[in-house]
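Here the structure comes first, spelled out in structure tokens, and everything after it is commentary.
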Amino acid sequence: MLAEWEKLAREATAKNEPYEGYLLRLTEAEVTTRSANALAARIRNACFPVVKDFDTFDFTAIPSLSKQKVLELSRGEWVEQHYNCCLIGNAGTGKTHVATALGQAICRLGKRVKFVTAAGMVTQLEEAQQQHRLDRLLSQLERLDLLIIDELGYLSFSRGGAELLFQVFAERYERRSVLVTSNLAFSEWGSVFQGDRMTAALLDRLTHRCHIFEMNGESYRFRESMTDKKEKAPKKAK
Ligand code: ADP
Ligand code: MG
């Protein structure tokens, strides 16, 4: 309002606009700026590794992924209903890209989102435990509408780390949403969580109300570097 009031007042005087109209436009400008700032803060706090959206995602590159279903998830009803989402597939198929784009869409709906790698999450939990502030971290996590855990399966955890991660999943069950990306099929999750019982209990909760997308295919990164090479090849020949 401070930035706009003089300009808008001049315009209102020039147009002989009544005071109510001026006040309305001034407050509208304030509300617009505030919600843009709040969204920017939500996206900042979510700690996305890169800011990638659906506009740069080529759904034709991964036919096994339903564009319609993914875009439906960006409308956020599943987060309202405390459903989960899993993106499972080999490396380079766009799991992190889709998770980020979905996370941002959920931020735009006014929700609190956090993006973290599985290894990063376990480190944070272990550190918090050592420093006797685990309860505080857990209650911070609980306030998030959507927790995105990326790259489950690349690194395995200690027994203690796996138990802490399990606790996070268990506390969110039917109360808050989780989005997990993994290169491992569910049948292989035992190797990360050590112990079939804990893995079974975790999968039971995670997949109970869950949208599961299989994203297996050729690595987009690999494909891109191959086309780069092909495009560069004729130039080299000159
Ligand atoms: P993953 O997490 O499955 O290993 P990423 O999401 O990191 O894969 O994707 C690897 C790179 O390829 C990223 O730069 C990503 O933006 C890009 N990428 C992957 N799939 C697509 C796609 N279908 N359309 C556009 N870019 C893609
Ligand atoms: Mg990834």
Side-chain angles (χ1 to χ4, degrees), residues 42-76 78-79 83-108 113-125 141 144 146-157 161-162 165 168-169 172 177-193 202-203 206-207 210-232:
R42 277 197 301 278
I43 290 184
R44 205 170 44 244
N45 292 338
C47 306
F48 295 113
V50 281
V51 178
K52 287 203 174 173
D53 224 324
F54 286 122
D55 58 350
T56 54
F57 192 78
D58 176 11
F59 280 91
T60 62
I62 175 120
S64 65
L65 186 70
S66 159
K67 178 177 180 177
Q68 192 201 340
K69 277 191 188 151
V70 172
L71 294 185
E72 199 178 303
L73 291 199
S74 65
R75 291 203 288 273
W78 63 289
V79 176
Y83 269 58
N84 299 324
C85 178
C86 290
L87 309 175
I88 311 290
N90 54 293
T93 50
K95 297 182 297 297
T96 301
H97 191 141
V98 170
T100 307
L102 268 179
Q104 282 183 84
I106 304 301
C107 282
R108 277 185 222 111
V113 177
K114 186 78 149 193
F115 186 108
V116 67
T117 61
M121 183 80 270
V122 168
T123 308
Q124 279 185 38
L125 290 163
L141 293 174
L144 300 168
L146 174 63
L147 177 63
I148 302 176
I149 299 197
D150 195 28
E151 296 191 346
L152 190 94
Y154 283 123
L155 298 170
S156 56
F157 317 116
L165 193 58
V168 171
F169 279 100
R172 298 185 78 78
S177 296
V178 193
L179 188 161
V180 179
T181 85
S182 179
N183 60 315
L184 297 180
F186 290 129
S187 58
E188 298 166 319
W189 280 31
S191 62
V192 179
F193 281 95
L202 178 110
L203 283 175
L206 181 68
T207 59
C210 190
H211 298 282
I212 299 168
F213 295 94
E214 278 195 37
M215 295 177 63
N216 280 309
E218 199 183 355
S219 161
Y220 194 86
R221 276 190 281 252
F222 180 70
R223 217 165 72 164
E224 237 183 8
S225 46
M226 290 313 281
T227 23
D228 279 359
K229 278 193 191 112
K230 275 184 208 145
E231 277 164 13
K232 278 179 196 149

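In each ligand, atom 1 is the first atom listed, and ligand 1 is the first ligand listed. Heads up: numbering here begins at 1 and tracks the sequence.
Protein heavy atom closest to atom 12 (O) of ligand 1, with residue, atom name and distance, is Tyr220 CD2, 3.4 Å. What sits closest to atom 23 (N) of ligand 1 on the protein, heavy atoms only, is Asp58 O, 2.8 Å. Lys52 NZ, 3.4 Å is the protein heavy atom nearest to atom 13 (C) of ligand 1. Closest protein heavy atom to atom 11 (C) of ligand 1: Arg221 CG, 3.6 Å. Regarding atom 2 (O) of ligand 1, its nearest protein heavy-atom neighbour is Thr96 OG1, 2.7 Å. Nearest protein neighbour of atom 8 (O) of ligand 1, counting heavy atoms only, is Gly94 N, 3.1 Å. Among all non-hydrogen protein atoms, the one lying nearest atom 4 (O) of ligand 1 is Gly92 N, 2.7 Å. Of the protein's non-hydrogen atoms, the one nearest atom 6 (O) of ligand 1 is His97 N, 2.9 Å.
Put simply, the side chain of Val180 does not reach to within 4.5 Å of the side chain of Asn84, judged on heavy atoms. Between Leu147 and Val116 there is a side-chain heavy-atom pair separated by less than 4.5 Å. A 4.5 Å side-chain heavy-atom check between Val113 and Arg42 finds every atom pair outside the cut-off. For the pair Thr56/His97, a side-chain contact is recorded, criterion being any heavy-atom separation below 4.5 Å from C-beta on. Side-chain contact between Phe186 and Ile212 is present, with at least one heavy-atom pair separated by less than 4.5 Å.
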For residues 85-96, which side-chain donor-acceptor pairs fall under 3.5 Å, sequence neighbours excluded?
residue : atom : partner : partner atom : Å
Asn90   : OD1  : Gly217  : N            : 3.1
Asn90   : ND2  : Gly217  : O            : 2.7
Thr93   : OG1  : Asn90   : O            : 2.8
Thr93   : OG1  : Met215  : O            : 2.9
Lys95   : NZ   : Gly89   : O            : 2.9
Lys95   : NZ   : Asn90   : O            : 2.7
Thr96   : OG1  : Asp150  : OD1          : 3.3
Thr96   : OG1  : Asp150  : OD2          : 2.9

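Contacts of Val70 classified as side chain to side chain contact (heavy atoms under 4.5 Å, CB included), with partners at least two apart in sequence or in another chain: Phe54, Phe59, Leu65, Val98, Phe213. With sequence neighbours left out, Arg108 forms a salt bridge (Lys or Arg N to Asp or Glu O under 4.0 Å) with Asp53.
Once rounded to the nearest 0.5 Å, the distance linking OH of Tyr220 with CD1 of Ile62 reads 11.5 Å. To the nearest 0.5 Å, atom CG of residue Asn183 and atom CG of residue Asn216 are 10.0 Å apart. Rounded to the nearest 0.5 angstrom, Phe115 CZ and Leu146 CG are separated by 10.5 Å.
Neither the backbone nor the side chain of Thr181 comes within 4.0 Å of ligand 1, counting heavy atoms alone.
The contact set between ligand 1 and Ala61, taken as ligand atoms under 4.0 Å from a residue heavy atom, comprises 23 (N). Within ligand 1, the atoms closer than 4.0 Å to a non-hydrogen atom of Ala91 are 4 (O), numbered from 1 in the order shown. Interface atoms of ligand 1 facing Phe57, defined by a heavy-atom separation under 4.0 Å, are 20 (N), 21 (C), 22 (C), 23 (N), 24 (N), 25 (C).
Counting only distances under 2.8 Å, and ignoring water, the protein N, O or S atoms around the Mg ion (ligand 2) are Thr96 OG1.
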- [ ] Any chance you could lay out the side chain to side chain contact (heavy atoms under 4.5 Å, CB included) test for Leu165 and Val192, step after step, and finish with the verdict?
- [x] CA-CA 11 Å; Leu165 193 58; Val192 179; over 6 Å; no
